[in-house]
Number of protein chains: 2
Amino acid sequence: MARRAAPVLHRDNPDKEPLSGHVKVTPEDWLNVARDLLVSEGVAGVKVLAIGERLGVSRSSFYWYFKSRKHLLEALLDDWEARNTAPILDHCEMPATNISWAVCNFFRCFVDPDLFDASLDFAVREWSRRDGKVRNRIDAADAQRLAAVTAMFERHGFSAYEAEARARILYFMQCGYHALEVREPMQARTARLEGYLLGFTGVEPDPEAVAAARIFAEGKMDP
Amino acid sequence: MARRAAPVLHRDNPDKEPLSGHVKVTPEDWLNVARDLLVSEGVAGVKVLAIGERLGVSRSSFYWYFKSRKHLLEALLDDWEARNTAPILDHCEMPATNISWAVCNFFRCFVDPDLFDASLDFAVREWSRRDGKVRNRIDAADAQRLAAVTAMFERHGFSAYEAEARARILYFMQCGYHALEVREPMQARTARLEGYLLGFTGVEPDPEAVAAARIFAEGKMDP
DNA sequence: GCGACCCTGGACAGTCTTGTCCAGAAAAAT
DNA sequence: ATTTTTCTGGACAAGACTGTCCAGGGTCGC
């Protein structure tokens with residue numbers, strides 16, 4: 001199935017009344033609602049009837065577009081894979097004057113929801129705990145992302161061993177933090193990013209980068 | 001409901017054949033199997049029929065001990081609360097000659113499965129994502145544990161602000177790491193603990209503590 | 001031995017889910 | 001305007017799960 005650049009095209013049909021008696025839904029509509037449900041209720045919440053109700057159509061419409069619920073779940077997985085890994089790889093490869101800035105670039109992915117959909121990522125991660133195939137895809141994604149972070153540290157002069165150790169901590173710590181869905185006050189988030197820089201860049205952090213980190217942490221995205 | 005010290009008393013009845021035609025099960029049996037299922041399959045997997053099958057008895061036995069499935073889930077929550085918070089508090093309060101050792105003590109909880117059942121903790125955490133009441137209890141537990149870690153840093157001379165920042169990173173990082181269920185090689189785990197010590201104790205780590213950390217990380221528990 | 005209480009098995013109703021089938025409406029092609 | 005293609009609604013079957021009910025078997029105190 002051809003993978004587009006994931007245009008989020010929720011039905012722009014706010015009035016519940018069908019346009020002309022016949023409601024048209026596309027496979028993307030089913031997929032979008034399915035994704036919402038995956039995030040908010042887990043894979044068990046992705047039910048054909050529930051999606052249909054939210055779209056305002058009957059279940060049989062679903063079976064016109066998808067062979068079965070299983071096929072929908074596979075499409076959902078493809079969709080996730082296309083969305084969430086590329087931004088991390090991109091940001092790890094961005095030019096940075098020193099390791100402090102590089103860590104800031106990495107961190108940026110996790111602050112800006114447009115770059116990385118953390119809710120989606122952890123909905124899939126949760127799903128993977130009950131499904132071996134999903135688990136394999138998560139593992140592959142983690143390996144790919146981790147390799148990018150490791151390469152980032154290596155480009156800034158760390159040995160292969162140290163780069164991997166630091167990459168593991170940085171990446172999994174960030175993911176884990178998101179996974180917990182901690183309600184974190186802004187001040188705490190700033191302190192946390194400073195902690196990353198102090199603890200894991202391995203050198204005295206660049207003061208300018210620390211200043212930028214504060215700005216990132218506060219959600220302002222273009223310093 | 002009186003809370004015992006949670007003696008794990010799985011039915012020691014390996015042969016499936018009932019002892020004398022009449023199988024005896026206790027409420028603890030139902031609870032133990034329910035806990036197993038919560039961990040391995042999530043709250044959706046905690047089904048009366050499934051537990052009964054594993055115990056080798058019919059569902060109606062369940063309704064003798066528990067008013068409903070809902071009541072079982074509440075008992076499960078009480079059980080988790082009694083099990084998993086105390087060890088962390090205890091280990092944070094253990095005497096330590098310096099902050100490096102204190103961090104090691106904390107870390108020890110997460111390495112020894114008898115001290116802290118990480119699988120259970122994150123099964124409950126996952127459950128909390130779909131249930132506001134559970135979420136409140138998780139939040140309360142996190143706050144309690146975090147306060148203990150913060151106090152630990154404060155006892156070793158950190159200011160209130162710094163102690164809290166470091167405690168947040170240390171505790172949530174460790175929890176988050178577990179939450180991801182990363183398959184981590186032993187070498188990586190050792191490197192990670194060293195990273196904690198280097199990054200978050202805030203002082204040049206005690207070499208003896210680092211050595212002890214390696215031992216902890218390798219699962220040997222009594223240096 | 002005997003009665004009282006503890007506990008179990010199986011049947012039943014009710015709800016929710018997936019997946020199939022088919023008549024027929026709406027839109028597109030001719 | 002008519003035919004063809006595309007899509008939808010509702011009915012149906014089958015399976016999983018919860019909760020209720022009740023007859024009756026086991027076990028323990030006396």
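Per chain, numbering begins at 1; letters A, B, ... match sequence-line order. Quick note: numbers below take in every heavy atom, side chains included, and nothing from hydrogens, waters or symmetry partners.
One cannot find a donor-acceptor pair under 3.5 Å joining the base of D:dG19 and the side-chain atoms of B:Arg69. Residue B:Arg59 places a side-chain atom within donor-acceptor reach of the base of D:dG19, judged by atom type and a 3.5 Å distance cut-off alone.
Side-chain atoms of B:Ser58 lie closest to C:dG9 of the nucleotides C:dG19, D:dC17, C:dG9. When distances are taken from the side chain of A:Tyr63 to each of D:dT18, D:dG9, C:dT20, the shortest belongs to C:dT20.
Under the 4.0 Å criterion applied to side-chain N and carboxylate O atoms, B:Asp117 and B:Arg35 are not assigned as salt-bridge partners. With respect to B:Asp78 and B:Arg83, no salt bridge is recorded, no charged nitrogen being found less than 4.0 Å from a carboxylate O. Classification of B:Arg130 and A:Glu41 as a salt-bridged pair fails, no side-chain N sitting under 4.0 Å from a carboxylate O.
Going from atom CZ of A:Phe62 over to atom P of C:dC21 covers 16 Å, rounded to whole Å. Separating the CG atom of A:Leu49 from the C1' atom of D:dG9 is a distance of 13 Å, rounded to the nearest angstrom. Atom NZ in B:Lys47 sits about 13 Å away from atom C1' in C:dC16, given to the nearest Å. Distance CG (A:Leu55) to P (D:dT8): 10 Å, rounded to an integer number of Å. In this structure, the CD atom of A:Glu53 is 12 Å from the P atom of D:dG10, given to the nearest Å. Between the NE2 atom of A:His71 and the P atom of C:dG19 there is a distance of 10 Å, given to the nearest Å. B:Trp64 places its CH2 atom 14 Å from the C1' atom of D:dT27, with the value rounded to the nearest Å. Straight-line distance from the CZ atom of B:Phe66 to the C1' atom of C:dC6: 16 Å, rounded to whole Å.
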Set out, in order, the CA-CA distance, both residues' side-chain angles and the distance that settles ring-ring contact (aromatic ring centres under 6.0 Å, His included) for B:Trp30 and B:Phe66, then state yes or no.
CA-CA 9 Å; B:Trp30 286 97; B:Phe66 295 91; 7.3 Å; no
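Ring orientation note: the planes of B:Phe110 and B:Phe116 are tilted relative to one another, at an angle of 30° to 60°.
In terms of phosphate contacts, B:Ser61 brings a side-chain nitrogen or oxygen within less than 4.0 Å of OP1 or OP2 of C:dT8. Using a 4.0 Å cut-off, some side-chain N or O of A:Tyr65 falls inside it from OP1 or OP2 of D:dT8.
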